[in-house]
Amino acid sequence: FCQTLLHTVIPPELRFAVLKLFQRLFTCFSSYSYYEITEIDGVNTNELYNAVQLYLSSSASSATSAAGTTSNRLSLTRGLNSSNITFGLANNDRLSDVFNGVSVMWEHIVTPKQSQTFSWRPLPEEKRGFILRMNKKDTPRILQDYLDFITERANEIRRKNQDRLLYTNSRGGCLDSRGHPWESVPFKHPSTFDTLAMDPVKKMLIMSDLRDFTDGQAFYKRTGRAWKRGYLLYGPPGTGKSSMIAAMANFLGYDIYDLELTEVNTNSELRKLLMKTSSKSIIVIEDIDCSINLTNRKKTTGARSRNTSSTSFDGVPDVRSSSGGPVGPVDQDINETNNSITLSGLLNFTDGLWSCCGSERIFVFTTNHIEKLDPALVRSGRMDMHIFMSYCSFPAIKILLKNYLGCDDGDIEPDVMDDLAAVIDAAEMTPADISEVLIKNRRDNHRALRELLEALRSRAEKKKLVNRRRRLEAEEEEVGVEEEEKRALDSPKEVGGAASGGGDDVEVNNKKGGKHEEEDNGIN
Ligand SMILES: Nc1ncnc2c1ncn2[C@@H]1O[C@H](COP(=O)(O)OP(=O)(O)OP(=O)(O)O)[C@@H](O)[C@H]1O
Ligand SMILES: [Mg+2]
């Protein structure tokens, strides 16, 4: 009755002014400061409101919220291009939080909108906002840091909730309508560090190295290093290099830029591609040894190419023929290359001035042949961590048995495990091959284990034969070389001709491996 009386007797303007006055008096004498963060400020969305909503949702959603009381009512939202749900504070709900030892209180205020003022854009029916209550004495010390922390945490949550994206430069150097050289697709590779079959100790090392990297902003700043890190994954085909990259991306919540070097024609294109990558991303060059040789990179301009030489990275045509032996100087006009990407371009791409355009990036190179890589490319500072993805080991096979057959250690007879342990190393089987055997028999565990043991034993047998044959060949070659040297010692010496000017005696016929080669020493 009083309220209606007030509403009827006192005009709204006066009511509003009295209310405002009470509020001012209240805040004057209160020990708290109050900050209102509305959803819409003017006509734009207030980014801080969304950040607070996300941030509070991360503590509201966890049963034991790090900060304060959990709310018993939450709103659920799902972002665009995301398969994850985020919690939010329900209307008029409160949540306390603690930051740097200071406790604050959040309240989510939702008030129905008064009369719709005319606007080009339909405004929401309700006015939403957060009220942050904080002790006046703490405000100067923590307000700014607290809001920065909230924004950062919200970005973190947003990225984790959004599906990963896989960017490719498959379009070559040309740009899309937005001037972007990368093309992106949702990246939903299921590989994680749990599904990766590899030595658990090595796995933990890699995960902690990745965590140190993401937590290391201050460290990189203090040491004056670009906030980036390089990983070289090497090993035989089918050992999990690509799966490792997916596991890293899923572990860190990073997007992946899959750089196809053979599509890149010049250093400046390479630079442009790097500049257009976002931070918190993994830049991948798979099979870098092939990319470096790039025999398919040469695009002759009409004339027949005398040899399929490859272009090394320093831009000078590589003078090794396809057989690897020396050939005469390569005619430049025959080998018109349409690219001038250089090793120095790639070196700067991964370390050096270029690599600092943007921070928090991970570079990953993969190769089946580490011995082919230029040492400058894989030195520390470029490829900081070299990870050998090896054939399946016993600890790794247990992970595959768990993932594919659902068998934990205790589920398999000990003597079967002993048989597996006895043959696994000698077999040198890749996880890809072992996965194949398990997938084929995944409906029948006993049969899967039996077939796996058979496959391992036959592979180990084959390896033994191959190694024995190699040993025999090596011994024969050794014997061959010894006989050679013996014959050479027994045969009479031939003195070099007078024209030699009495220089040192030189072998005119230098027999090497059964092939005579004229050593060009001026004497024929
Ligand atoms: N260590 C591993 N753990 C789990 N699965 C693996 C592992 N290695 C290979 N696989 C399985 O084998 C398949 C091929 O693996 P992946 O593509 O990662 O091999 P790779 O090392 O990248 O091979 P390549 O050198 O030919 O590119 C994947 O689908 C994956 O399921
Ligand atoms: Mg691969």
Side-chain angles (χ1 to χ4, degrees), residues 164 166-170 185 187-207 209-210 230-252 254 256-263 282-294 296 362-373 378 383 385-408 420 424-425 427-442 448-449 451-452 455-456 459:
R164 307 274 63 77
L166 171 65
Y167 292 90
T168 60
N169 64 313
S170 50
V185 289
F187 175 72
K188 299 184 184 268
H189 198 296
S191 178
T192 65
F193 277 106
D194 293 335
T195 61
L196 258 188
M198 65 187 294
D199 175 20
V201 175
K202 205 156 90 171
K203 199 188 282 190
M204 295 317 285
L205 262 177
I206 296 166
M207 291 168 80
D209 192 76
L210 289 168
Y231 294 87
L232 174 68
L233 308 180
Y234 66 101
T239 49
K241 297 180 290 300
S242 304
S243 305
M244 167 69 82
I245 294 169
M248 286 173 153
N250 290 327
F251 176 67
L252 297 173
Y254 280 16
I256 293 183
Y257 288 86
D258 182 16
L259 176 59
E260 181 45 68
L261 271 187
T262 51
E263 293 283 344
I282 300 178
I283 299 168
V284 177
I285 302 181
E286 290 248 43
D287 302 318
I288 180 89
D289 53 300
C290 311
S291 316
I292 283 186
N293 291 326
L294 296 176
N296 61 349
I362 285 183
F363 292 88
V364 178
F365 289 171
T366 72
T367 179
N368 297 138
H369 305 285
I370 188 171
E371 69 285 352
K372 282 188 183 175
L373 297 185
V378 295
M383 292 298 113
M385 195 180 212
H386 294 192
I387 301 168
F388 176 47
M389 300 301 282
S390 59
Y391 291 111
C392 211
S393 61
F394 186 59
I397 203 167
K398 289 201 284 188
I399 295 171
L400 290 176
L401 292 175
K402 185 161 181 307
N403 293 345
Y404 283 81
L405 304 181
C407 300
D408 278 319
L420 285 171
I424 183 76
D425 293 336
E428 286 190 345
M429 230 168 138
T430 64
D433 293 340
I434 290 178
S435 316
E436 257 334 288
V437 174
L438 299 178
I439 285 179
K440 238 172 30 195
N441 303 290
R442 65 182 183 284
L449 287 167
E451 291 225 354
L452 175 61
L456 287 168
R459 185 69 70 92

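When a ligand or atom number is given, it counts from 1 through the structure's own listing order.
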Asks: Looking at atom 23 (O) of ligand 1, what's its closest protein heavy atom, distance included?
Replies: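 The closest one turns out to be G238 N, 2.9 Å.
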Asks: Would you say the side-chain atoms of K202 pair up with the backbone N or O of F388, donor to acceptor, closer than 3.5 Å?
Replies: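 The answer is yes, because a donor-acceptor pair under 3.5 Å joins these two groups.
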Asks: Taking side-chain hydrogen bond (donor to acceptor under 3.5 Å, both in side chains) as the test, write out the residues that go with D209, two or more places apart.
Replies: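 Scan of D209 (side-chain hydrogen bond (donor to acceptor under 3.5 Å, both in side chains), adjacent residues dropped) gives R229, Y231.
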Asks: How about the Mg ion (ligand 2), which protein N, O or S atoms come within less than 2.8 Å?
Replies: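 Short answer, with waters excluded from the count: S242 OG.
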Asks: How far is atom 14 (C) of ligand 1 from its nearest protein heavy atom, and which residue and atom is that?
Replies: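 Minimum-distance protein heavy atom for atom 14 (C) of ligand 1 reads A432 CB, 4.3 Å.
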Asks: Among Y391, F193, Y234, Y404, which one has a heavy atom closest to atom 31 (O) of ligand 1?
Replies: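 Among Y391, F193, Y234, Y404, the closest heavy atom to atom 31 (O) of ligand 1 belongs to Y404.
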Asks: Counting each atom of ligand 1 from 1 as listed, which ones have a heavy atom of N368 under 4.0 Å away?
Replies: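 Here the atoms of ligand 1 in question are 25 (O).
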Asks: What's the shortest distance from atom 29 (O) of ligand 1 to any protein heavy atom, and which residue and atom give it?
Replies: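 Protein heavy atom with the smallest distance to atom 29 (O) of ligand 1: S243 OG, 4.8 Å.
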Asks: Any idea which atoms of ligand 1 are less than 4.0 Å away from a heavy-atom of A197?
Replies: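 Under 4.0 Å from A197, ligand 1 has these atoms: 1 (N), 2 (C), 3 (N), 4 (C).
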Asks: To which protein heavy atom is atom 25 (O) of ligand 1 closest, and what is the distance rounded to 0.1 Å?
Replies: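 Sorting protein heavy atoms by distance from atom 25 (O) of ligand 1 puts K241 NZ, 2.8 Å first.
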Asks: Write out the residue and atom name of the closest protein heavy atom to atom 27 (O) of ligand 1, then the distance separating them to 0.1 Å.
Replies: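 Atom 27 (O) of ligand 1 sits closest to the protein heavy atom S242 OG, 4.0 Å.
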Asks: Return yes when at least one protein heavy atom is under 4.0 Å from atom 17 (O) of ligand 1, and no when none is.
Replies: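 So atom 17 (O) of ligand 1 has protein heavy-atom neighbours under 4.0 Å.
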Asks: Please write down residue, atom name and distance for the protein heavy atom closest to atom 6 (C) of ligand 1.
Replies: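 Protein heavy atom at minimum distance: P431 CB, 3.9 Å.
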Asks: I need the contact type for T195 against ligand 1. Using non-hydrogen atoms and a strict under-4.0 Å cut-off, is it side chain, backbone, both or neither?
Replies: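 Just the backbone.
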Asks: Would you say the side chains of D289 and T367 form a donor-acceptor pair under 3.5 Å?
Replies: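 Side-chain D/A pair, D289 to T367: present.
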